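All chains are named by letter (A, B, ...) in the order of the sequence lines, taking the proteins before the strands, and each is independently numbered beginning at 1. The structure presented is a predicted model; accordingly, all values stated were derived computationally and were not measured.
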Amino acid sequence: MFTSPASLSELTTRSQALAGLSLGQIATQLSIPVPENLKKDKGWVGQLLEQVLGATAGSKAEPDFPHLAVELKTLPIDQCGKPLESTYVCVAPLTGVAGLQWHESWVCRKLQHVLWVPILAERHIPLAERMIGTPFLWQPSAIQQQALQQDWEELMEKITLGGIADIKGAQGKLLQLRPKAANSKAMTNAIGANGEPIRTLPRGFYLKASFTASLLKQQFNLL
DNA sequence: ATATGATCATTT
DNA sequence: AAATGATCATAT
């Protein structure tokens, strides 16, 4: 019933057919229970959309639609169409990254083609009643790609030179580096200020909400 | 521990 | 109110 879409156009058609439906309606079709809230089910919305669109389930490190090279991202928005959250992209490699080029990076590869699924998700709206907006495929323009590359290169240079300890979420215009872990005690290997191995909090790359807002504006001509 | 899916909640 | 830092569930 929910096979993987065979083509880009089929993926578009199928995703856009979801516009206007509530998360509760989709969950019912799939016989999936709706949690009371997302506090303990933060990935629930993303996984629901993966299933209804026939994405490859599981935690494999590859695009959601491998044969189409498309990544699926849900995007929580308010009623004005503004993103409520930043968008997680991938974990940041902290070791063995000297010489890594932008075009080889996971950030670049994941963002080459994204199916954005906006969801009206203000916190006061019960989860089951949250509405799906109009999904759209996006590929970064040359200008967007260049800006992303610049942020990425600055962040990666700092990581390579042992400066991870003072990278704050505020660094980067479109792309930021923030903790990505079970809690603040989780540890991974990284490079210290003197080039020595250290243990630090795992980080991930995120797209800032101001950037995803510009994508929505570009797509829908929003305010 | 790392990778998938993200949102929560405190700080600014 | 927006943004940064912290956190939750699950599979490998």
Participant: Side chain of A/Val91: nearest nucleotide among C/dA6, B/dA9, B/dT4?
Facilitator: B/dT4
Participant: Distance alone, cut at 3.5 Å: any donor-acceptor contact between the side chains of A/Gln145 and A/Gln112?
Facilitator: yes
Participant: Can a side-chain donor-acceptor contact be found between A/Glu153 and A/Gln149 if the only test is distance below 3.5 angstrom?
Facilitator: yes
Participant: Tell me which residues in residues 108-135 of chain A lie within less than 4.0 Å of DNA chain B, going by non-hydrogen atoms.
Facilitator: A/Lys110, A/Arg123
Participant: Taking the nucleotide of DNA chain C with the closest heavy atom to each, which residue, A/Ala181 or A/Ser86, is nearer the 5' end?
Facilitator: A/Ser86
Participant: Using atom CG of A/Asp41 as one end and atom P of C/dA11 as the other, report the distance to the nearest whole Å.
Facilitator: 12 Å
Participant: Base, sugar-phosphate alone, or nothing: which one does A/Leu84 contact when heavy atoms must sit under 4.0 Å apart?
Facilitator: nothing
Participant: Can you tell me if A/Lys180 touches the phosphate of C/dG5, counting only side-chain N or O atoms and a distance under 4.0 Å to OP1 or OP2?
Facilitator: no
Participant: In this structure, how many angstroms lie between the P atom of C/dT10 and the CH2 atom of A/Trp44, rounded?
Facilitator: 15 Å
Participant: Please state whether the base of B/dA6 and the side chain of A/Tyr206 form at least one donor-acceptor pair under 3.5 Å?
Facilitator: yes
Participant: Under 4.0 Å between a side-chain N or O of A/Ser184 and OP1 or OP2 of C/dT7?
Facilitator: yes
Participant: When the nearest nucleotide of DNA chain B is assigned to A/Pro63 and to A/Lys185 on a heavy-atom basis, which residue is associated with the more 5' position?
Facilitator: A/Lys185
Participant: Measure the distance from CZ on A/Phe205 to C1' on B/dA3 and round it to the nearest whole Å.
Facilitator: 15 Å
Participant: Determine whether A/Ile159 and A/Ile167 make a side-chain contact, defined as any pair of heavy atoms from C-beta on separated by less than 4.5 Å.
Facilitator: yes
Participant: Hey, quick one: are A/Met131 and A/Ile119 part of the same hydrophobic cluster, counting side-chain heavy atoms closer than 4.5 Å, chains of contacts allowed?
Facilitator: no
Participant: Could you check whether A/Gly46 gets within reach of a base, just the sugar-phosphate, or nothing at all, counting any heavy atom under 4.0 Å?
Facilitator: sugar-phosphate
Participant: Under 3.5 Å, is there a donor-acceptor pair between the side chain of A/Asn194 and the main chain of A/Glu196?
Facilitator: no
Participant: Separation of A/Asn183 atom CG from C/dC8 atom P, in whole Å?
Facilitator: 7 Å
Participant: Over how many whole Å does the gap from A/Lys208 atom NZ to C/dG5 atom C1' extend?
Facilitator: 14 Å
Participant: Please state how far atom NZ in A/Lys42 lies from atom P in B/dC8, giving the value in whole angstrom units.
Facilitator: 7 Å
Participant: Base, sugar-phosphate, or nothing for A/Glu71, non-hydrogen atoms under 4.0 angstrom?
Facilitator: sugar-phosphate
Participant: Go through the structure and list residues passing side-chain hydrogen bond (donor to acceptor under 3.5 Å, both in side chains) with A/Ser105, not counting sequence neighbours.
Facilitator: none
Participant: B/dA6 phosphate, OP1 or OP2: any side-chain N/O from A/Thr74 under 4.0 angstrom?
Facilitator: yes
Participant: Are there more than 12 heavy atoms of other residues, nucleotides or ligands under 6.0 Å from atom CD of A/Gln146?
Facilitator: no
Participant: Mind checking A/Asp64 for me? I need base, sugar-phosphate or nothing, with any heavy atom below 4.0 Å counting as a touch.
Facilitator: sugar-phosphate
Participant: Indicate the ring-plane relationship of A/Phe220 and A/Phe136, choosing parallel, tilted or perpendicular according to the 30° and 60° boundaries.
Facilitator: perpendicular
Participant: Please check if atom CD in A/Glu104 has more than 12 non-hydrogen atoms from other residues, nucleotides or ligands closer than 6.0 Å.
Facilitator: yes
Participant: Remember a base hit wins even if backbone is also touched, and classify A/Arg203 as base, sugar-phosphate or nothing at under 4.0 Å, heavy atoms.
Facilitator: nothing
Participant: Could you check which residues of residues 162-177 of chain A get a heavy atom under 4.0 Å from DNA chain B? Sort them by number, please.
Facilitator: none
Participant: Between B/dT4 and A/Tyr88, is there an OP1 or OP2 to side-chain N/O distance shorter than 4.0 Å?
Facilitator: yes
Participant: Looking only at side-chain N and O atoms, does A/Glu122 offer a donor or acceptor that is under 3.5 Å from a partner on A/His124?
Facilitator: yes
Participant: Starting at CG of A/Leu75 and ending at C1' of B/dA6, how long is that distance when rounded to a whole Å?
Facilitator: 12 Å
Participant: Less than 4.5 Å apart, any side-chain heavy atom of A/His67 and any of A/Ser4?
Facilitator: yes
Participant: Nearest to the side chain of A/Pro179 - B/dA1, C/dA6, B/dG5?
Facilitator: C/dA6
Participant: Can a side chain N or O of A/Arg178 be found less than 4.0 Å away from OP1 or OP2 on C/dA3?
Facilitator: no
Participant: Between P on B/dT7 and CG on A/Asp78, what's the gap in Å once rounded to a whole number?
Facilitator: 14 Å
